[in-house]
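Proteins come first, then strands; the chains are lettered A, B, ... in the order of their sequence lines, and each starts at number 1.
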Amino acid sequence: MPALKGHPAKPRMRDLPTPMAAEKSSVLAPPHKPAEGPFPLETLRHSMAHLMASAVGHLFPGTKYAIGPPIEDGFYYDFELPRPLTEEDLPKIEEEMRRIAKEGGKFVCTEASKEQARARLKGQPYKLEIVEEIPAGAPITFYSHGSWTDLCEGPHVDDASRLVHFKLLSVAGAYWRGDEKKPQLQRIYGTAWWSKEDLDAHLARLAEIEKRDHRRLGRELDLFTTHLEAGPGLVFWHPNLAIVRRSIEEWWGGELARHGYLPVYTPHIASEELFKRSGHLENYADLMYAPMAIDERPYRVKPMNCPGHILVYASRGRSYRELPLRLSEMGTVYRYERSGVLHGMLRVRGFTQDDSHIFCTPGQLEGEIAGVLELVDLVMKTFGYSFTAFLATRPKEKSIGAPESWEHAIAALRAGACRTGLPLEMDEGGGAFYGPKIDFKLRDALGREWQGSTVQVDFNLPERFDLEYTAAEGGRKRPVMVHRAIFGSLERFVGGLVEHFGGRFPFWCAPVQVGLLPITDAQVPYAGEIASRMLGDLFRVKSFDGAGNLNKRIREAQLEKIPYMAVIGKREVEAKSVSLRLRTGEDRGAVPLEAFLALCREKRASRSLDL
RNA sequence: GCUGGUGUAGCUCAGCCGGUAGAGCACCUCCUUGGUAAGGAGGAGGUCACGGGUUCGAUUCCCGUCACCAGCUCCA
């Protein structure tokens, strides 16, 4: 992943899958191929930014201009204005943009010396700052269209009349150079395309994303809440979503056992001593909650599970015969997040990680990596995500560990990936300060990218805790430690799933799997028989036998996005069958009861994504 | 944390220039027993986020707090 511009690389703990879903700019290409124009889309969007800047300049005399680049799906421009913008300003700016575009005007490029540039940019502090940073000898260019001129590298479209299919989307505060110590500017985001169809398709996608927002579906489907009384960033899982989570956890527990993981449970609080030794207190104190005194000794709520797992490892002498030792836990951790960043289930202050720490010998590393990658693949396939893997190497700035260790670990990551046939893209210098890693970027049903699973080699903690094992040839050696989270946090993962599936969970983990819909009261007893039979087989069934007719009941079940609706009328009772309707709207007609039950068992066991 | 916006019934929202609130859906009751997305009638439900201020009077105006929303910054 590209490093964030303008921010010094900071040592990180572990990467937890980070959704980028909330960002407009993360929205990828629409399902269809955008129309090609005479210039690349980036060029169009860059020119759009100029168009917008000129419009804002007309409407707000005295505007100071910062930067206006093209971004995924659109563009933005940052301004310093006499007053903050509101959404109501957008239509006016848009109108002015259309007026200027309609007039047309060639985009003209002129070169200038630094001296000339300084003179032309008088009163534009941000632009002047940029000019000063242009290395001597490099060309300084200005682009103009109509009466508007801007310091700019280009390139641009040939004429402003090409700037037709766009829409301004939002306003926001943004710091100059992304530095919160610098002045905050007004940013306007917009989207732009070569054709009206592309623009409309993109707006339709934004609407779909809004419809699938897990916070909205969370309310509609009674999935989760947060509470004023409890505090922000703390998620309460309602039964419907708890069932989804538990279905996943139950399946996952089996897979972990199959892959040789051993479960542990570790406490939620621990003495500060532990976090001092692990280094968390010194490096990450700002995300840990204040200490609480217990018998006059300071304790902390855990922000991570690693120290606990290490204590389990180090609780007695270990032999090479026990390695690799794979300890795993659904570990709930609490971290302080600044209030402005909290977001539904995706960015919270308390969450549960599917956390594992693998202790192994250097020679076992490759095999362990391969094993983890298999699990990643399994999860991605099970939920229908496609993904790409990035190998993150040693950071240029501060990092620890011998060069040979890094080389060995990177080679092991590579070899592990190779063994599972996983292509790796490079993220040079993107590793943690304590070791290299493989990160996964996954792509959901709407084409959005999320940060996914992570596997990290750690040279730091084994040192800090002086971990050892007795080697085959005698003597004590230091084990290698691998951190690995496949789902990341369940809050994020499941929150992401809600959006990925649009609330239409696959049969195996759906909160209610089968809706029983008797047509009249006469069929209620038969529905009850089916219900208790299915319940006995641990299916989740709900009878719709309240007030209303069949249409009403279908509508209710449909709104709950229940995968299978079993309609039961007189004919079905007589024939010992159900009439099967899917939430897709498909009507499969009469199905013998036994066949229906077999279908349910099959869909559950296979964890099929299709109904 | 920062900038801007929002906060009226469980949900979605109305409520003009201040005179103590209204709709649809959901909910409850009764009637209806109806073959693939809303049958009918009635009823109940709100300290208008919270705390101050201005005013004869504040849901409405002002200030503060909290939460949420769009971003920024941060991020495991």
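Residues A:Phe75 and A:His46 keep their aromatic ring centres 6.0 Å or farther apart. A ring-centre distance under 6.0 Å is not found for A:Tyr334 and A:Tyr289. A:Trp252 has its ring centre less than 6.0 Å from the ring centre of A:Phe487.
As the counterpart of B:C28, B:G42 is assigned, both hydrogen-bonding distances of the Watson-Crick or G-U wobble pattern falling under 3.5 Å. B:A37: no Watson-Crick or G-U partner with both key distances under 3.5 Å is found in any strand. B:C2 and B:G71 make up a base pair, with Watson-Crick or G-U wobble contacts both under 3.5 Å. For B:U59, there is no paired base (Watson-Crick or G-U wobble, both distances below 3.5 Å). For B:U47, there is no paired nucleotide, since no Watson-Crick or G-U wobble pair has both relevant distances below 3.5 Å. With a 3.5 Å ceiling on both atom-pair distances, the Watson-Crick or G-U wobble partner of B:G22 is B:C13.
Side-chain N/O atoms of A:Trp176 and A:Glu80 include no donor and acceptor closer than 3.5 Å. For the residue pair A:Tyr189 and A:Arg187, a side-chain donor N or O sits within less than 3.5 Å of a side-chain acceptor on the partner.
Straight-line distance from the CZ atom of A:Arg335 to the P atom of B:C75: 13 Å, rounded to whole Å. The CD atom of A:Glu560 sits 13 Å away from the P atom of B:A26 (whole-angstrom rounding). Between A:Arg216 atom CZ and B:U12 atom P the separation is 9 Å, expressed in whole Å. Rounded to an integer number of Å, the gap from CE of A:Met304 to P of B:C75 is 14 Å. What separates CZ of A:Arg215 from P of B:G7 is a distance of 17 Å, to the nearest Å. As rounded to whole Å, 10 Å separates atom P of B:C75 from atom CG of A:Leu287. Between the CD atom of A:Glu229 and the C1' atom of B:C68 there is a distance of 17 Å, rounded to whole Å. Spacing between atom CD1 of A:Ile188 and atom P of B:C72 amounts to 15 Å, rounded to whole angstrom units.
For the C1' atoms, the distance from B:G5 to B:A49 is 16 Å, rounded to whole Å. Between B:A26 and B:U12, the two P atoms lie 15 Å apart (nearest whole Å). Comparing the P positions of B:C61 and B:G15 gives a spacing of 12 Å, expressed to the nearest Å. If you take atom C1' in B:C17 and the same atom in B:C13, they sit 23 Å apart, rounded to whole Å. Between the C1' atoms of B:G57 and B:C69, the separation comes to 34 Å (whole Å). B:C62 and B:C16 are spaced 14 Å apart, taking the P atom of each and rounding to whole Å. With P as the reference atom, B:C66 and B:C50 are 16 Å apart, rounded to whole Å. Distance check on atom C1': B:U59 versus B:G7 gives 12 Å, rounded to whole Å.
Among all heavy-atom pairs drawn from A:Lys302 and A:Thr332, the shortest one is CE-O, 3.1 Å. Residue A:Arg216 comes nearest to A:Lys211 through the heavy atom pair CD-O, 3.8 Å, listed as atom of the first residue, atom of the second, then distance.
Within the structure, every side-chain polar atom (N or O) of A:Arg338 is placed at least 4.0 Å from both OP1 and OP2 of B:U73. For A:Tyr189 and B:C72, the shortest distance from a side-chain N or O to OP1 or OP2 is below 4.0 Å.
In this structure, A:His343 and A:His214 have tilted ring planes: the angle between them lies in the 30° to 60° band. Note: A:His357 and A:His309 have perpendicular aromatic rings, judged against thresholds of 30 and 60 degrees for the angle between ring planes. The aromatic rings of A:Phe79 and A:Tyr77 lie parallel to each other, their planes meeting at an angle below 30°, with 60° marking the opposite boundary.
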Trace of the salt bridge (Lys or Arg N to Asp or Glu O under 4.0 Å) decision for A:Lys570 with A:Glu572: CA-CA 6 Å; A:Lys570 207 168 155 190; A:Glu572 285 74 22; over 6 Å; no
Could you go through nucleotides 64-66 of chain B and list every protein N or O atom that sits under 3.5 Å from one of its N or O atoms, giving the distance for each pair?
none

Just the table, please: protein N/O against nucleotides 33-37 of chain B N/O, every pair under 3.5 Å.
| residue | atom | partner | partner atom | Å |
| --- | --- | --- | --- | --- |
| B:U33 | O2 | A:Asp521 | N | 2.9 |
| B:U33 | N3 | A:Asp521 | OD1 | 3.3 |
| B:U33 | N3 | A:Asp521 | OD2 | 2.8 |
| B:U33 | O4 | A:Asp521 | OD2 | 2.6 |
| B:G34 | N7 | A:Ile519 | O | 2.3 |
| B:G34 | O6 | A:Ile519 | O | 3.3 |
| B:G35 | O6 | A:Lys570 | N | 3.3 |
| B:G35 | O6 | A:Arg571 | N | 3.2 |
| B:G35 | N1 | A:Glu572 | OE1 | 2.8 |
| B:G35 | N1 | A:Glu572 | OE2 | 3.2 |
| B:G35 | N2 | A:Glu572 | OE2 | 2.8 |
| B:U36 | O2 | A:Arg581 | NE | 3.0 |
| B:U36 | O4 | A:Ser579 | OG | 2.0 |
| B:A37 | OP2 | A:Arg581 | NH2 | 3.4 |
| B:A37 | N6 | A:Gln558 | NE2 | 3.3 |

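The base of B:G71 lies outside donor-acceptor range of the side chain of A:Tyr175, with no N or O pair under 3.5 Å.
Contact check of residues 217-227 of chain A against RNA chain B (heavy atom, cut-off under 4.0 Å) returns A:Arg219.
Between A:Arg484 and the choices A:Asp354, A:Asp355, A:Thr454, the side chain to side chain donor-acceptor pair (under 3.5 Å) rule is met once, by A:Asp354.
A:Asp78 places no side-chain N or O within 3.5 Å of a backbone atom of A:Tyr65 that could act as its donor or acceptor partner. Side-chain atoms of A:Arg205 come within 3.5 Å of backbone atoms of A:Leu446 as a donor-acceptor pair (strictly under, hydrogens ignored).
Counting any heavy atom pair closer than 4.0 Å across all strands shown, A:Leu185 reaches no nucleic acid atom.
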